[in-house]
Structure formats: structure tokens, C-alpha cells
Amino acid sequence: MTLTLYAAPGSCAVAPAIALCEAGADFEIHAVDYAVNEQRSPAFLAVNPKGRTPALVTDHGVLTENPAILAYIAQLYPQANLAPLDDPFAFARLQSFNAWICSTLHPAFAHIFRPTRYADGEGHQAEVRRKGIEQVNDAFRMAEDEFFDGPWAVGERYTLADPYLYVMTSWLPRADLRQVDAYPKIAEHYARMRARPAVAEARARLGMPPP
């Protein structure tokens, strides 16, 4: 199996890079440079017409969207035990957590980082950003109080939810948000993730500084 992961450093695509490293996968990585709009280049759009990362090129075709890519990695490398593949309910619960990140927490960050995507005019964009900050804070509080099952995101076992949550947590310092210490369970999770060799390996392969 030949795998190539297209990932922008610092983006949500860091999550599948970590998962592939955890699995011990033999894969290539293509760091997509958002600073020069490489994601809008004809070469990248031929890979993923959505113009976003991650995109995982496999022998069977291209996969996009983190929940799908992460689940594929877990099923492709079952020996890595990245998901409870033998328990349909537990696997669906894991998928529910990742879908919540993809559909709720991640878009809230997008309102902070890219308000021009959602509104025209500085006044409207400032309001979009304000609401984004409110939504991110609310989502992390919900994760801390209701969803986080500790010591890992969905219980006693490390799963695909953990690198995805780690990436979202790593974005907190990039905006006017409560710091990770405001969420003790998530702060402990973030520290555990930063200590994992796969996190350091993925960041290094993407040209990012050590965790």
C-alpha cells in the first residue's frame, strides 16, 4: 500500500499524520504551504478539489475529511489498536466524538481565524470572530464537563480521537481564548499527547517545532 498524506503544518491534518506515525505506517508526507496558497494550486486541486487538507492518497483513490481518514487508518492498521474495531458501539462513540470536532469545534475556530469566509466588512467580521471565540470556549467547556472520558478522550484507551483533540487544543494560544489550563482534564490530556513520540515524529516530518 502506497500512502501520501497532504497536510498543512499546524492544520487539522496534523491529526492523521500523528495517527499514521502511531500505526508505524510507511507513508510519504507532502507539506502543503498555505502561505503561498498551494491549496489553491492546480496541482493540489487535482488531488483534492475541495482545496483543503488533509488529503490521503491511497492505491484505491483519495480520501478527505478527518473522520474518514482517521477511521481508514485504524482499519488499515488494526494491529495498532487505534480504535475499538471489534465493538460497534464503542467505535460509533469514537466516531461521534470525531464528528463533533469536525462539525462543531473546528468550524468555530474557522470563524476566529477566517472571518472573511463568513462575512463582508470589518464590523461584520469582528462579530463573526466574537461569536467564534464564544463558541470555541463553550465547546471546550462541554468537552471538559460532558464528553471527555479521561485519561484519554473517550476513555481508558488511546484512540483516534486523541490526536484530533490534541490539534484543536494546540490552537487555543492562537486566538483570544481561555488557555488550556482553564480545562484541567484537557490540559492533562494535552501534556500526555505532547510526550508521545508519534506527536514529535509527525511534527518533525511536517517541519514544525517540537511539541
Side-chain angles (χ1 to χ4, degrees), residues 5 7 10-25 27 54 56 63 65-109 135-174 177-206 208 210-211:
L5 178 67
S11 74
C12 69
V14 174
I18 294 171
L20 286 165
C21 291
E22 293 279 10
F27 73 103
L56 183 67
L63 291 173
E65 309 301 334
N66 262 335
I69 292 173
L70 290 168
Y72 177 74
I73 293 168
Q75 293 174 86
L76 192 61
Y77 300 97
Q79 71 281 1
N81 293 315
L82 294 175
L85 300 175
D86 57 346
D87 185 331
F89 182 83
F91 184 63
R93 186 165 173 267
L94 163 61
Q95 289 291 79
S96 176
F97 189 90
N98 278 351
W100 173 77
I101 291 178
C102 185
S103 65
T104 301
L105 181 53
H106 189 173
F109 271 113
Q135 291 167 354
V136 168
N137 285 330
D138 287 349
F140 267 95
R141 176 52 58 196
M142 180 176 288
E144 174 82 6
D145 295 342
E146 305 293 340
F147 294 164
F148 191 88
D149 215 5
W152 299 107
V154 290
E156 296 292 325
R157 172 178 169 179
Y158 179 94
T159 69
L160 298 168
D162 295 298
Y164 206 179
L165 178 61
Y166 160 79
V167 172
M168 296 295 107
T169 307
S170 74
W171 289 356
L172 285 173
R174 294 169 52 185
L177 296 160
R178 299 186 188 108
Q179 296 304 298
V180 66
D181 291 345
Y183 313 102
K185 296 176 186 176
I186 293 174
E188 292 177 4
H189 175 268
Y190 188 54
R192 282 191 293 274
M193 286 299 300
R194 292 176 68 189
R196 292 184 76 87
V199 173
E201 180 185 351
R203 292 177 67 96
R205 292 187 65 169
L206 281 164
M208 299 170 63

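Small disclaimer: the values here were computed from a predicted structure and weren't measured.
The two residues Ala143 and Trp100 come nearest to each other via the heavy atoms CB-CH2, 3.9 Å. Nearest heavy atom pair, residue Leu82 against residue Ala23, reads CD1-CB, 4.2 Å. Between Pro211 and Arg203 the shortest heavy-atom distance is N-NE, 3.6 Å. The two residues Ala19 and Leu160 have their closest heavy-atom pair at CB-CD2, 4.2 Å. For Ile69 against Leu63, the heavy-atom pair with the smallest separation is CD1-O, 3.5 Å. Heavy-atom minimum distance, Asp162 versus Ala153: OD1-N, 2.8 Å.
Within the 4.5 Å cutoff, no side-chain heavy atoms of Arg194 are placed close to those of Val199. Side chains of Val14 and Leu206 form a contact here, defined as non-hydrogen atoms less than 4.5 Å apart. Looking only at side-chain heavy atoms (C-beta outward), Leu94 and Phe91 come within less than 4.5 Å of each other. Contact of the Tyr190 side chain with the Ser170 side chain is registered, since non-hydrogen atoms from C-beta on lie closer than 4.5 Å. The shortest side-chain heavy-atom distance between Thr169 and Phe140 falls under the 4.5 Å cut-off. In this structure the side chain of Arg205 reaches within 4.5 angstrom of the side chain of Phe27, judged on heavy atoms. Looking at His106 and Tyr164, their side chains come closer than 4.5 Å, going by heavy atoms from C-beta outward. In this structure the side chain of Val136 reaches within 4.5 angstrom of the side chain of Leu105, judged on heavy atoms.
Rounded to the nearest 0.5 angstrom, Asp145 CG and Ile186 CD1 are separated by 8.5 Å. Note: Cys12 SG to Trp171 CH2 = 5.5 Å, rounded to the nearest 0.5 Å. Within the model, atoms OG of Ser103 and CD of Glu65 stand 11.5 Å from one another, a figure rounded to the nearest 0.5 Å. One distance of note links CG of Leu56 with CD1 of Ile73; it measures 6.0 Å at 0.5 Å rounding. Between the CG atom in Asp181 and the CD atom in Glu188 there is a gap of 10.5 Å [rounded to 0.5 Å].
Between the side chain of Arg157 and the backbone N or O of Ala83, at least one donor-acceptor pair lies under 3.5 Å. Judged purely by atom type and a 3.5 angstrom limit, Glu201 has no side-chain atom pairing as donor or acceptor with the backbone of Pro197.
Remark: Arg196 is positioned above the aromatic ring of Tyr158, its terminal NZ or CZ atom under 6.0 angstrom from the ring centre and at most 45 degrees off the axis.
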Given the rule in the side chain to side chain contact (heavy atoms under 4.5 Å, CB included) test, do Thr159 and Trp152 qualify, once you have shown the distances and angles that lead to the verdict?
-> CA-CA 8 Å; Thr159 69; Trp152 299 107; over 6 Å; no

List the steps and the verdict of side chain to side chain contact (heavy atoms under 4.5 Å, CB included) for Asp149 and Arg93.
-> CA-CA 11 Å; Asp149 215 5; Arg93 186 165 173 267; 2.8 Å; yes

Step by step, would you call His189 with Lys185 a side chain to side chain contact (heavy atoms under 4.5 Å, CB included)?
-> CA-CA 6 Å; His189 175 268; Lys185 296 176 186 176; over 6 Å; no

